[in-house]
Structure formats: structure tokens, C-alpha cells
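Take a look at the structure below.
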Amino acid sequence: MRFELSDIQQMLRDTCREFAARELTPNARRWDEEHHFPTEAVKQMAELGLLGIAVPEEWGGAGADYVGYAIAMEEISRGCASTGVIMSVNNSLYCDPVMKFGTDAQKERFLAPYARGEKLGCFGLTEPEAGSDAAAQKTVAVREGDEYVITGSKNWITNGPQADAIVLFTITDRSKGNKGITAFLVDLDAPGVTRAPPDRKLGITASGSCSLFFDQVRVPVAQRLGNEGDGFKVAMSTLDGGRIGIAAQALGIARAAYEEALAYSKERKTFDRPIANHQAIQFMLADMATELDAARLLVHRAAALKDAGVRHSAESSMAKLYASEMSHRVTHKAIQIHGGYGYSKEFDAERHYRDARITEIYEGTSEIQRIVISNALLKG
Ligand code: CAA
């Protein structure tokens with residue numbers, strides 16, 4: 001077992017850390033307050049190859065591995081959690097399934113420009129009445145000759161307001177349950193597609209999400225991703241990778257909160273000494289640092305299994321479950337260490353606390369992660 005990063009992984013970490021410190025951390029509070037989508041930062045990340053990190057170079061990506069992707073996600077999210085999720089959706093929910101299930105013609109058009117970051121992708125699984133129960137889809141795709149006609153709606157679609165294309169899940173045969181679901185690649189400027197205004201949210205307010213409506217949208221058969229009926233497996237195996245990205249995002253948010261609390265504890269004085277000299281604060285810092293390391297080990301293990309081509313559903317869910325709940329605990333303690341200032345918008349502690357909350361919900365709630373883990377345990 002090796003705990004050191006490879007030279008390439010270290011380089012990726014240093015590049016992302018330096019970029020985040022220079023371009024993200026100084027702007028994140030303002031972007032959050034203004035709900036400003038960080039267009040310029042996303043463009044710079046594209047130039048650094050961060051929009052298709054684990055996509056092979058021949059398809060426009062950086063050709064790194066998934067551990068490298070997790071490392072980059074932690075660093076970018078440490079600077080700005082909103083920017084982190086924009087990056088994770090394009091990398092793991094959009095590029096990854098196109099890479100895995102797409103034909104060469106589909107990769108030419110729907111992967112390469114997205115991995116290069118010239119275009120942005122999103123993932124359409126969730127519906128108003130199909131969140132945790134992902135198989136309860138209502139959006140339908142009806143075949144007519146060499147086209148499908150798609151009608152329905154999707155909601156909470158991260159990158160929805162900005163994206164150029166979507167990996168879209170539909171019902172092609174309702175009688176078959178989860179085996180009647182089919183995935184498509186759909187251009188979001190196709191006739192019949194409309195977008196609702198961006199959602200208003202508790203945290204990650206600089207990332208855009210919205211509902212999308214599909215009214216008799218005609219999609220060529222050549223844009224079907226995988227076979228008819230394979231959609232549920234496309235969605236679930238994609239989420240196995242996506243959950244690693246969200247776990248790494250949670251890790252980045254928690255690290256920002258921890259590092260800021262540590263620095264503050266050395267400056268702020270009570271009872272004539274820095275609060276870092278009080279054991280109550282020291283114990284909180286010790287717990288925060290221990291939990292951060294534990295979460296990182298789980299995240300890197302899941303990513304390494306994905307790199308090895310081994311089924312890693314339970315390990316991804318463990319990483320996401322632990323890292324997201326850890327992030328909640330750590331950001332909570334960071335506010336406590338900052339006292340009243342932690343509750344005020346003069347510091348970033350309150351933003352980290354708000355940003356951490358979604359990581360326990362999207363790409364499967366903590367309860368869904370526990371279902372995936374316990375299913376794996378019981379199957380033995
Ligand atoms: N890889 C491949 N196949 C898989 C799989 C995986 N990870 N997980 C399940 N499958 C297959 C199973 O093998 C099974 O196939 P067979 O019938 O051939 O054996 C089939 O899929 C059905 O599996 P289950 O019986 O386990 O499915 P289920 O209906 O009981 O539910 C669930 C599974 C885990 C609850 C699932 O519905 C789930 O993960 N729900 C949460 C959905 C979710 O995460 N949504 C997030 C939306 S995306 C998002 O949030 C984006 C964003 O904003 C950032």
C-alpha cells in the first residue's frame with residue numbers, strides 16, 4: 001500500500017492549489033453573495049485541463065487518473081465549492097459516461113469539446129417525483145423511425161442554466177421498470193428544450209442549477225447512449241464515479257473551514273492567551289484534522305478502485321457518506337471556534353457550513369448511500 005502521491009498527482013495538486021489560492025479563494029465570498037457563475041474561472045480551468053481530467057488525451061482530456069481527479073476536486077473545492085461542483089458535473093457525470101458508453105462518433109461531438117472545456121455538460125436523472133427513487137422516471141422517449149421523441153421534465157440540474165448538452169435519462173418501456181430506462185445525448189439548444197430560471201439555494205450559490213423541460217424534442221437514434229433499457233445501469237455506474245467527486249468536494253470544503261479555524265485560533269485571544277492554547281479548542285482541531293484524513297483515505301481508495309477497473313459502488317458510497325457528514329461536523333466546529341465572527345458574513349466559516357450541506361443530499365442522500373453500502377454487505 002502506497003500513501004505517497006505520484007509525481008503527476010503531486011503536480012496536479014500543486015497546480016490546482018496555486019490556482020485556487022490565486023483565482024478562487026479571493027473571489028468565492030463575492031461570487032456567493034452575488035450568485036455569480038464564475039465564467040472566467042471555468043475558462044481558466046479548461047486551459048489547465050481540469051474539465052476532462054480523467055478523459056484520455058485523444059478525446060480532449062488531460063489523461064490523468066481518477067485519484068488525480070479526486071485530488072484536483074479537493075483543491076478546487078477548497079478554494080470555491082461552487083466552482084468544484086461545476087467541474088465535477090462536467091468531469092464525472094457528463095464526460096465519464098460518454099467516455100464509457102459512447103460510440104466514437106458520439107465522442108467526437110459530445111466528448112472532445114466538453115473534455116477540452118469549450119462546452120459544458122450536465123446530467124439529467126432527477127425529476128420532480130423521482131429523486132432517491134431514480135427508477136420512477138416519467139420523462140418518455142418514443143421511437144419514430146430513426147428518431148426518438150422526448151417529452152418530460154428534469155429538476156435540480158446542476159450546470160443546467162449554462163450547459164450545452166445533457167446526458168438525459170428517459171423511459172422507453174414503462175412495463176420493464178428500471179430495465180425500461182434509456183440514456184440519450186441531447187443538445188440543449190434543440191427545438192422543444194426550455195430552461196426555468198436558476199434555482200435559489202442555501203449554498204453553492206455561484207453554481208447554477210435549474211429545471212429543464214422537454215416538449216416533443218426530436219433526437220436521432222445515433223444520439224442514444226448505450227442500448228435501449230441500459231439507462232439505469234449507465235446512471236448508477238456514473239454515480240459510482242460522481243460520488244467520489246462529491247466526496248472530494250466535501251473534503252475541500254471541510255479543509256477550508258479547518259485551515260481557517262486553525263489560523264484564527266492562533267490569532268484570537270481570550271483570557272489573555274490565544275484560544276489555540278485552550279484545550280477545548282485543541283481537541284476540536286484534533287478531531288477535525290483526524291476526520292479530514294480519514295475521509296481522504298476513503299476518497300482515494302474509491303478512486304484507486306475505479307482506476308483499477310474494479311466495481312466500487314460501496315466504496316464510493318462510503319467515501320461520500322463519510323466525507324459529506326464529516327464536512328458538516330467540521331464546518332460546524334469551524335463556526336464554533338470563530339464564535340460570533342463565525343456566524344457573521346465577515347468570515348467564510350458560515351459559507352463553508354452552507355456549502356457543505358448539499359454534499360449530504362445530491363448524487364444520493366446519506367440515506368441512499370447507506371442503502372448502497374448495506375446492499376453490498378448483505379449480498380456478501
Ligand atoms: N453499476 C451497475 N449496475 C448497477 C449499479 C451500479 N452501481 N447499481 C445498480 N445496478 C443495477 C443492479 O445490478 C440491478 O441490475 P439487475 O436487475 O440486472 O440485477 C439494477 O441496476 C437495479 O439495481 P437495484 O435493485 O439496486 O436498484 P434499486 O431500484 O433498488 O435502487 C438505488 C437503487 C441505490 C436506491 C438508486 O435508485 C439510487 O442510487 N438512487 C439515488 C439516485 C441519485 O443518486 N440521484 C442523484 C441525482 S444526480 C445529482 O444529484 C447531480 C447533481 O446535482 C450534482
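Numbering of ligands and ligand atoms starts at 1, following listing order. Being a predicted model, the structure only gives us computed values, none of them experimental.
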Exercise for the section: Please step through side-chain contact (heavy atoms from CB on, under 4.5 Å) for the pair K320 and V372, ending with a clear verdict. Expected result: CA-CA 11 Å; K320 162 126 171 9; V372 174; over 6 Å; no
Practice task
Would you mind finding which of H312, E363, K320 brings a heavy atom closest to atom 46 (C) of ligand 1?
Solution key: E363
Problem - F169 and F123 aromatic centres sub-6.0 Å - result: yes
Completion exercise
atom 35 (C) of ligand 1: closest protein heavy atom, distance to 0.1 Å, is I368 CD1, 3.9 Å
Exercise for the section: Go through the steps for R243 and E363 under the test salt bridge (Lys or Arg N to Asp or Glu O under 4.0 Å), then give the verdict. Expected result: CA-CA 6 Å; R243 287 166 182 164; E363 299 203 28; 5.6 Å; no
Handout entry: Residue, atom name and distance, where the atom is the protein heavy atom closest to atom 51 (C) of ligand 1
Key = L93 CD1, 3.5 Å
Problem - Exercise check, heavy-atom protein proximity under 4.0 Å to atom 40 (N) of ligand 1 - result: yes
Problem - S88 and ligand 1 - part of the residue with a heavy-atom distance under 4.0 Å - result: neither
Handout entry: Pairing of D14 and R17 as salt bridge, 4.0 angstrom limit
Key = no
Practice task
For atom 12 (C) of ligand 1, decide whether some protein heavy-atom distance is shorter than 4.0 Å.
Solution key: no
Exercise for the section: Determine the interplanar angle of the F271 and H278 rings, folded into 0 to 90°, and report it as parallel if under 30°, tilted if 30 to 60°, perpendicular if over 60°. Expected result: perpendicular
Completion exercise
In this structure, atom 37 (O) of ligand 1 is nearest to the protein heavy atom S132 O, 3.3 Å
Completion exercise
Among non-hydrogen protein atoms, atom 25 (O) of ligand 1 lies closest to N178 ND2, 4.7 Å
Handout entry: Part of L239 with heavy atoms under 4.0 Å of ligand 1, whether side chain, backbone, both or neither
Key = side chain
Exercise for the section: Measure from atom 32 (C) of ligand 1 to the protein's non-hydrogen atoms and state whether any distance is below 4.0 Å. Expected result: no
Exercise for the section: Give the intermediate values and the outcome of side-chain contact (heavy atoms from CB on, under 4.5 Å) for residues R224 and T182. Expected result: CA-CA 8 Å; R224 193 181 64 211; T182 303; 3.6 Å; yes
Completion exercise
So the atoms of ligand 1 within less than 4.0 Å of a heavy atom of T126 turn out to be 47 (C)
Completion exercise
Note: V89, heavy atoms under 4.0 Å from ligand 1, region reported as side chain
Problem - atom 6 (C) of ligand 1 [closest protein heavy-atom partner, distance rounded to 0.1 Å] - result: R311 NH2, 3.2 Å
Handout entry: atom 26 (O) of ligand 1 [closest protein heavy-atom partner, distance rounded to 0.1 Å]
Key = N375 ND2, 4.5 Å
Fill in the blank from the handout: Contact region, R243 to ligand 1, non-hydrogen atoms below 4.0 Å, reads side chain
Problem - P161, S209, S207 screened by side chain to side chain contact (heavy atoms under 4.5 Å, CB included) with D199, the one that passes - result: S209
Exercise for the section: Heavy-atom contacts with G131 under 4.0 Å: which atoms of ligand 1 show up? List them by number with element. Expected result: 42 (C)
Handout entry: Side chain S366, main chain L321, donor-acceptor under 3.5 Å
Key = no
Exercise for the section: Can you pull out the closest protein heavy atom to atom 23 (O) of ligand 1? Residue, atom name and distance to 0.1 Å, please. Expected result: F232 CE2, 3.9 Å
Problem - Residue S313 vicinity, atoms of ligand 1 by number, heavy atom under 4.0 Å - result: 7 (N)
Exercise for the section: In sequence, state the C-alpha distance, the side-chain angles, and the governing distance for R78 and E259, and then conclude on salt bridge (Lys or Arg N to Asp or Glu O under 4.0 Å). Expected result: CA-CA 10 Å; R78 195 258 172 260; E259 288 174 355; 2.8 Å; yes
Practice task
Write out the residue and atom name of the closest protein heavy atom to atom 7 (N) of ligand 1, then the distance separating them to 0.1 Å.
Solution key: D240 OD2, 2.8 Å
Practice task
Report the part of V372 (side chain from C-beta onward, or backbone N, CA, C, O) that has a heavy atom under 4.0 Å from ligand 1; answer both or neither where that applies.
Solution key: side chain
Practice task
Cation-pi check, R329 to Y322: give yes when NZ or CZ is under 6.0 Å from the six-membered ring centre and within 45° of the ring axis, no otherwise.
Solution key: yes
Practice task
Classify the contact between A135 and ligand 1 as side chain, backbone, both or neither, using a heavy-atom distance cut-off of under 4.0 Å.
Solution key: neither
Practice task
Give a yes or no on whether a salt bridge exists between K233 and D230, defined as a side-chain N under 4.0 angstrom from a carboxylate O.
Solution key: no
Practice task
Take R13 and E75 through the salt bridge (Lys or Arg N to Asp or Glu O under 4.0 Å) test and state the conclusion after the steps.
Solution key: CA-CA 7 Å; R13 183 198 60 194; E75 295 302 330; 5.3 Å; no
Practice task
Examine distances only and state if a side-chain atom of T205 and a backbone atom of D32 form a donor-acceptor pair shorter than 3.5 Å.
Solution key: yes
Problem - Geometric class of the Y69/Y66 ring pair [parallel <30°, tilted 30-60°, perpendicular >60°] - result: tilted
Practice task
Answer whether the closest heavy-atom distance between the side chains of K201 and H35 falls below 4.5 Å.
Solution key: no
Practice task
Tell me which part of I371 gets within contact of ligand 1: side chain, backbone, both or neither, using heavy atoms under 4.0 Å.
Solution key: neither
Practice task
Output yes when the distance from some N or O of ligand 1 to some N or O of K179 is under 3.5 Å, and no in every other case.
Solution key: yes
Exercise for the section: Take every heavy atom of G242, measure it against each atom of ligand 1, and state whether any distance is under 4.0 Å. Expected result: no
Handout entry: salt bridge (Lys or Arg N to Asp or Glu O under 4.0 Å) between R370 and E325, intermediate numbers included
Key = CA-CA 12 Å; R370 289 184 169 93; E325 296 194 346; 3.0 Å; yes
Practice task
Show which atoms of ligand 1 fall inside a sub-4.0 Å distance from at least one heavy-atom site of A134.
Solution key: 37 (O), 42 (C)
Exercise for the section: Check whether any N or O atom of F123, backbone or side chain, sits under 3.5 Å from an N or O atom of ligand 1, and answer yes or no. Expected result: no
Fill in the blank from the handout: ligand 1 to Y362, heavy atom cutoff 4.0 Å, flagged ligand atoms 50 (O), 53 (O), 54 (C)
Completion exercise
So the atoms of ligand 1 within less than 4.0 Å of a heavy atom of T158 turn out to be 52 (C), 53 (O), 54 (C)
Handout entry: Working for side chain to side chain donor-acceptor pair (under 3.5 Å), residues Q249 and T359
Key = CA-CA 8 Å; Q249 183 201 25; T359 65; 5.8 Å; no
Practice task
Only heavy atoms count here, so choose which of K233, Q249, M236 is nearest to atom 15 (O) of ligand 1.
Solution key: K233
